[in-house]
J.: 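Below you'll find the structure I mean.
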Protein chains: 2
Amino acid sequence: MTPSPRGDLFDPDCPTRRLLDRIGTKWTSMAVKVLAEAAPGEVRFAELRRRMPGVSPKMLSTTLQNLLRDGLAERRVEPTVPPRVHYRLTGLGLSLEAALAVVRDWAETHMAEIDRAAGERS
Amino acid sequence: MTPSPRGDLFDPDCPTRRLLDRIGTKWTSMAVKVLAEAAPGEVRFAELRRRMPGVSPKMLSTTLQNLLRDGLAERRVEPTVPPRVHYRLTGLGLSLEAALAVVRDWAETHMAEIDRAAGERS
DNA sequence: CGGAATCCGGAGAGATACTG
DNA sequence: CAGTATCTCTCCGGATTCCG
């Protein structure tokens, strides 16, 4: 289904809007970064928790499931007892990380300016 | 309320998180793009409305006020009757647009893959 | 250990009506 | 024309508890 030939931001189905809806969720970009830092290695659920201070098991699980569903990450289970579950980014996930890195660079460079502007009005 | 230790993505106050919280809101990225397309010219409130189908006056107003507050856009009022209010991006806003363009490119290139992956599980 | 199920509160988003 | 005021509602995110 491609009623919109180009990426038209004003299309309700525009890809950018939908992408931002995903990476804009609270923990997604952080999870992608943690996974990217470990790439091409894997990261276990518990280690992800440790590396993402403040995340609840539910939110981490939800975030990871979204990444899996979107083909951005993969899951591998060691059938031991207790089980060990590992996550890693797919190629698609790694390419997203590259785009996110640009956003991070911008944020680290310019957020202070934004804060200054916003602060002056507070 | 909190001190701002810097440079760590995993800090609750990390700049990337806070940036995504802003550009992730429903209309912000769209408004930035519309303003960027007109740059260095200005765009009036009514024209922004027309170019952002589905936006309510309240949401557009809120979005623009956030951009103003963050120093990403500027407002100019012609003291006529009726008034004419013009908006344009600041230099900071234009640099953000450049970063957003990267996200857009990624989205237009890869969202189909995400949709395919997500669709297979639906 | 790695989740799933459930409940809850608050912010975001929208519709509508009104005003300078 | 360019907003503001108010109300409502959804749903995200968090805490907690339970299961394989």
Side-chain angles (χ1 to χ4, degrees), chain A residues 10 12 14 17-32 34-35 38 42-70 73-88 118 121, chain B residues 1-2 10 12-14 16-31 34-35 38 42-70 73-88 121:
Chain A
F10 313 128
C14 99
R17 157 59 37 76
R18 292 175 29 248
L19 174 62
L20 285 173
D21 283 347
R22 290 168 194 248
I23 66 177
T25 61
K26 187 156 191 172
W27 300 103
T28 299
S29 61
M30 194 181 297
V32 169
V34 171
L35 290 170
E42 302 170 315
V43 186
R44 292 184 58 187
F45 190 90
E47 184 167 354
L48 280 162
R49 272 192 81 175
R50 281 192 297 104
R51 297 221 202 180
M52 296 166 62
V55 72
S56 67
K58 172 199 164 184
M59 290 316 297
L60 180 54
S61 178
T62 300
T63 299
L64 290 171
Q65 284 180 19
N66 287 337
L67 292 180
L68 297 175
R69 179 205 57 192
D70 295 341
E74 287 172 345
R75 198 175 95 120
R76 183 175 66 86
V77 181
E78 286 184 52
T80 57
V81 176
R84 291 163 172 243
V85 183
H86 307 258
Y87 295 87
R88 66 179 169 87
R121 290 174 181 76
Chain B
M1 165 147 65
T2 50
F10 313 129
D13 292 330
C14 95
T16 303
R17 157 63 44 74
R18 293 177 26 252
L19 174 61
L20 285 173
D21 283 347
R22 292 168 192 247
I23 66 177
T25 60
K26 187 154 190 175
W27 299 103
T28 300
S29 62
M30 193 181 296
V34 171
L35 290 170
E42 301 170 314
V43 187
R44 293 182 59 185
F45 189 89
E47 185 167 355
L48 280 163
R49 273 192 81 176
R50 280 193 299 104
R51 296 220 203 180
M52 296 166 63
V55 71
S56 69
K58 174 198 165 184
M59 291 315 297
L60 180 54
S61 179
T62 301
T63 300
L64 290 169
Q65 283 178 21
N66 287 338
L67 293 180
L68 297 175
R69 179 204 58 195
D70 295 341
E74 287 173 344
R75 198 176 95 120
R76 183 176 66 86
V77 182
E78 286 185 51
T80 58
V81 175
R84 290 162 173 244
V85 183
H86 306 258
Y87 294 87
R88 66 182 170 87
R121 289 174 181 78

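In this text, all values refer to a predicted model and were calculated from it rather than measured experimentally. Chain identifiers are assigned alphabetically (A, B, ...) following the order of the sequence lines, protein sequences preceding nucleic acid strands; residue numbering begins at 1 within each chain.
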J.: Who pairs with Val85(B) by side-chain contact (heavy atoms from CB on, under 4.5 Å), at least two apart in sequence or on another chain?
T.: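 Only Arg75(B), Val77(B), Tyr87(B) meet the side-chain contact (heavy atoms from CB on, under 4.5 Å) criterion with Val85(B).
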J.: Rounded to the nearest angstrom, tell me the gap between atom CG in Asn66(A) and atom P in dG3(C).
T.: 14 Å
J.: To the nearest 0.5 Å, what is the distance between CG on Leu35(A) and CD on Glu47(A)?
T.: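 Reported value, rounded in 0.5 Å steps: 10.0 Å.
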J.: Please classify the nucleic acid contact of Arg75(B) as base, sugar-phosphate, or nothing, using heavy-atom distances under 4.0 Å.
T.: sugar-phosphate
J.: How close or far is atom P of dC1(D) from atom CD of Glu42(B), stated in whole angstroms?
T.: 18 Å
J.: Expressed as a whole number of angstroms, how long is the span from Met52(A):CE to dG2(C):C1'?
T.: 15 Å
J.: In whole angstrom, give the distance that lies between atom CG of Leu64(B) and atom C1' of dG3(D).
T.: 10 Å
J.: Quick one: which of dG3(C), dG3(D), dG2(C) gets closest to the side chain of Arg44(A)?
T.: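 Of all the options, the side chain of Arg44(A) is nearest to dG2(C).
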J.: Residues two or more places apart in sequence or in another chain: which of them pass side-chain contact (heavy atoms from CB on, under 4.5 Å) with Thr28(B)?
T.: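 Residues passing side-chain contact (heavy atoms from CB on, under 4.5 Å) with Thr28(B): Thr25(B), Val32(B), Thr63(B), Leu67(B).
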J.: Need one value for Glu47(A): base, sugar-phosphate or nothing, where a base atom within 4.0 Å counts as base even if backbone is also close, heavy atoms only.
T.: nothing
J.: Grab the two heavy atoms, one from Leu60(A) and one from Arg49(A), that are nearest each other, plus how far apart they are.
T.: CD2-CG, 3.4 Å
J.: What is the separation between atom CZ on Arg84(B) and atom P on dG3(D), rounded to the nearest whole Å?
T.: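 Going from CZ in Arg84(B) over to P in dG3(D) covers 14 Å.
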J.: The side chain of Ser61(A) is closest to which nucleotide in this list: dA4(C), dT4(D), dA2(D)?
T.: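 The answer is dA4(C).
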J.: For the pair made of CG in Leu20(B) and P in dG12(C), what is the distance, rounded to whole Å?
T.: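 It is 15 Å, rounded to the nearest whole Å.
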J.: Report the distance from atom CD1 of Ile23(B) to atom CD1 of Ile23(A), rounding to the nearest 0.5 Å.
T.: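 Separation between the atoms: 6.5 Å.
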J.: Determine: side-chain N/O of Gln65(B) to OP1/OP2 of dG3(D), distance under 4.0 Å, yes or no.
T.: no
J.: One character per nucleotide, please: for nucleotides 12-20 of chain D, 5' to 3', B when the base has a protein heavy atom closer than 4.0 Å, S when only the sugar-phosphate does, - otherwise.
T.: -BBB-----
J.: Side chain of Arg17(B), backbone of Lys26(A): donor and acceptor closer than 3.5 Å?
T.: yes
J.: Going from CD on Glu42(A) to CD on Glu78(A), what distance comes out if it is rounded to the nearest 0.5 angstrom?
T.: 8.0 Å
